[in-house]
Amino acid sequence: MPAFTTILFDLDDTLFDFSACWEKGMQHTIATHPLTADLDGKEMLEALRRHGDDLWVDVLAKRYDFAQYRQLRLQRSMADFNRQIGAQQIDDFQRAYAAACMNAVTPDPAVQGTVARLAEHHTLGIVTNGPVDMAFIKLDRLELSEYFPKERVFISELIGYHKPDPRIYSTVVEQLGVQSKQVLFVGDTWEADVAGPMDAGFSAVWINPRGKKPTSEHVPLAVIERLDQLLPLV
C-alpha cells in the first residue's frame with residue numbers, strides 16, 4: 001500500500017450529498033419564488049437539470065463562467081414555458097435558491113469522524129469544480145472548515161482550470177509542495193476525480209455508491225460506497 005502524505009477530496013457528492021441538497025433547494029425555490037410558483041414544479045426542476053447538464057460541458061470548456069451558467073440555465077428553462085426573464089429576476093432567483101440549498105447542507109457525524117481521523121496523519125485538501133461563493137459556506141455548514149483551511153481549498157473558478165484539465169492538478173501539487181506520488185485523490189466523478197488525477201501521477205479512490213461504470217481503462221486504488229470505507233485503505 002502506498003504511503004500517502006496528502007489526501008485531496010472533491011467536495012460535492014463526495015463530502016456530502018450535494019445532489020440531494022440541490023434538488024431540495026430548487027424544489028423549495030420553484031414552489032415559492034414569484035417567477036416559478038405557478039409552474040409545474042416537477043417539469044421546471046427537470047428543465048433546470050437538463051439545461052444545467054447541457055451547459056456544464058461549456059463551463060468545463062471555459063466558454064461560460066459560473067455566473068453565465070446560472071443565467072443561461074434559468075433563461076433556457078423559463079423559455080421552455082414561453083417566458084422571458086431579465087438579469088435582476090435571475091439574480092433574485094439565484095439568491096433564493098442559494099439560501100435554500102445551503103439550508104439543506106447539514107453535518108454528517110460519520111463524515112466528520114472520518115475526516116478527523118484522516119487529518120491526524122495526513123495533509124487534507126479539497127479540489128472542486130465549483131463557484132467560489134458557495135464552497136466555503138458548504139464547509140462551514142458541514143462543520144469541516146477546521147480540517148480544510150482556505151489555503152488548502154482549490155476552487156476551479158479561482159485557479160482558472162476545471163478538472164480534469166491537468167493544469168489544475170499541477171497547480172495544487174505546486175502550491176502544496178508535494179510530489180504527485182504522495183497524493184491520494186478521492187471523489188465521485190470518474191473523469192475529474194479518478195482518470196484526471198491518475199494521469200497527473202496521483203493515486204485515486206472512486207466513491208461510487210450507485211454502481212456507475214468506468215469510462216476509461218484507469219484502475220483506481222479502490223472503489224467504495226461511503227467515505228468511512230477509506231480509512232482501512234490509508
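Position 1 is the first residue of the sequence; numbering continues from there.
- Among all heavy-atom pairs drawn from Val173 and Val178, the shortest one is CG1-O, 2.8 Å.
- At a threshold of 4.5 Å between non-hydrogen side-chain atoms, the residues Phe93 and Thr36 count as touching.
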Which donor-acceptor pairs under 3.5 Å do the side chains of residues 105-121 make with protein atoms, sequence neighbours left out?
| unit_1 | atom_1 | unit_2 | atom_2 | d |
| --- | --- | --- | --- | --- |
| Asp108 | OD1 | Ala110 | N | 2.9 |
| Gln112 | NE2 | Glu143 | OE1 | 3.2 |
| Thr114 | OG1 | Ala110 | O | 2.9 |

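- Val234 and Val183 fall into different hydrophobic clusters, where Ile, Leu, Val, Met, Phe, Trp and Tyr side chains are chained together by heavy-atom contacts under 4.5 Å.
- Asp92 places no side-chain N or O within donor-acceptor distance of the main-chain N or O of Gln88, the cut-off being under 3.5 Å.
- Ile168 and Tyr161 make their closest contact through CD1-O, 3.1 Å (heavy atoms, listed as atom of the first residue, atom of the second, distance).
- In this structure, CG in Asp188 is found 7.5 Å from OG in Ser19, a value given to the nearest 0.5 Å.
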Donor-acceptor contacts, no H, no angles, side chain residues 20-32, under 3.5 Å, sequence neighbours left out:
| unit_1 | atom_1 | unit_2 | atom_2 | d |
| --- | --- | --- | --- | --- |
| Glu23 | OE1 | Arg49 | NH2 | 2.9 |
| Thr29 | OG1 | Gly25 | O | 2.7 |
| Thr32 | OG1 | His28 | O | 2.7 |

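- One finds the CE atom of Met134 at 13.5 Å from the CZ atom of Phe136 (value rounded to the nearest 0.5 Å).
- Phe154 has its side chain within reach of Leu176: a pair of non-hydrogen atoms, C-beta onward, lies under 4.5 Å apart.
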For this session: Could you walk me through whether Leu15 and Leu227 pass side chain to side chain contact (heavy atoms under 4.5 Å, CB included), step by step?
Result: CA-CA 7 Å; Leu15 293 178; Leu227 194 69; 3.8 Å; yes
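- The minimum heavy-atom distance between Gln89 and Gln84, with the atom names listed, is OE1-O, 4.5 Å.
- The cationic atom of Lys138 (NZ for Lys, CZ for Arg) lies less than 6.0 Å from the six-membered ring centre of Phe18 and within 45° of the ring axis.
- Around atom CD of Glu174, no more than 12 heavy atoms belonging to other residues, nucleotides or ligands sit under 6.0 Å away.
- Grouping the Ile, Leu, Val, Met, Phe, Trp and Tyr side chains by contacts below 4.5 angstrom, directly or via other members, places Leu74 apart from Leu72.
- We find that Lys163 and Asp10 are joined by a salt bridge, their nearest charged nitrogen and carboxylate oxygen being less than 4.0 Å apart.
- Ile7 and Trp206 fall into different hydrophobic clusters, where Ile, Leu, Val, Met, Phe, Trp and Tyr are joined by side-chain heavy atoms under 4.5 Å apart, directly or via other members.
- Residues Ala192 and Pro197 share a closest heavy-atom pair of O-CD, 3.2 Å.
- Residue pairs meeting the salt bridge (Lys or Arg N to Asp or Glu O under 4.0 Å) criterion with at least one partner in residues 210-227, sequence neighbours excluded, are Arg226-Asp228.
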For this session: Apply side chain to side chain contact (heavy atoms under 4.5 Å, CB included) to Gln229 and Val205, showing your working.
Result: CA-CA 10 Å; Gln229 293 173 322; Val205 168; over 6 Å; no
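- Of the possible donor and acceptor atoms, one in the side chain of Arg141 sits under 3.5 Å from a partner among the backbone N and O of Met102.
- Looking only at distances, no side-chain donor or acceptor of Thr14 sits under 3.5 Å from a matching main-chain atom of Phe9.
- With sequence neighbours left out, Glu43 forms a side-chain contact (heavy atoms from CB on, under 4.5 Å) with Asp40, Phe81.
- Considering only residues two or more places apart in sequence or on other chains, Gln71 meets the side-chain contact (heavy atoms from CB on, under 4.5 Å) condition with Gln75, Ile90.
- Here the straight-line distance linking atom CG of Asn208 with atom OG1 of Thr189 works out to 10.0 Å at 0.5 Å rounding.
- When side chains are defined from C-beta on, Ile224 counts as touching Leu233, because their heavy atoms get closer than 4.5 Å.
- Every pair passing salt bridge (Lys or Arg N to Asp or Glu O under 4.0 Å) that includes a residue from residues 56-69 is listed here, sequence neighbours excluded: Asp58-Arg63.
- Pairing each heavy atom of Ser156 with each of Gly130, the nearest pair is OG-N, 3.3 Å.
- With Glu157 contributing its side chain and Val132 its backbone, the two residues share a donor-acceptor pair below 3.5 Å.
- Side-chain contact check for Met44 versus Met78: some heavy-atom pair is nearer than 4.5 Å.
- Nearest approach of Pro220 to Trp190, heavy atoms of both residues: CD-CH2, 3.8 Å.
- Atom-to-atom distance recorded for Ile85:CD1 and Leu35:CG is 5.5 Å, nearest 0.5 angstrom.
- Note: Trp56 and His162 have tilted aromatic rings, judged against thresholds of 30 and 60 degrees for the angle between ring planes.
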Exercise. Can Arg76 and Asp54 be said to form a salt bridge (Lys or Arg N to Asp or Glu O under 4.0 Å), step by step?
Worked result: CA-CA 11 Å; Arg76 293 180 184 181; Asp54 291 343; over 6 Å; no
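- In terms of hydrophobic clustering, with Ile, Leu, Val, Met, Phe, Trp and Tyr side chains grouped at heavy-atom distances under 4.5 Å, Ile155 and Leu142 are assigned to a common cluster.
- Linking Ile, Leu, Val, Met, Phe, Trp and Tyr whenever their side-chain heavy atoms come within less than 4.5 Å puts Leu158 and Ile126 in one cluster.
- In this structure, the separation between CD on Gln94 and CZ on Arg70 is 4.0 Å, given to the nearest 0.5 Å.
- Using a 30° and 60° split on the angle between ring planes, Phe185 and Phe202 fall in the parallel class, below 30°.
- For the atom pair Lys42 NZ and Leu45 CG, the distance stands at 10.0 Å (nearest 0.5 Å).
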For this session: Please step through side chain to side chain contact (heavy atoms under 4.5 Å, CB included) for the pair Val153 and Leu11, ending with a clear verdict.
Result: CA-CA 10 Å; Val153 178; Leu11 178 54; over 6 Å; no
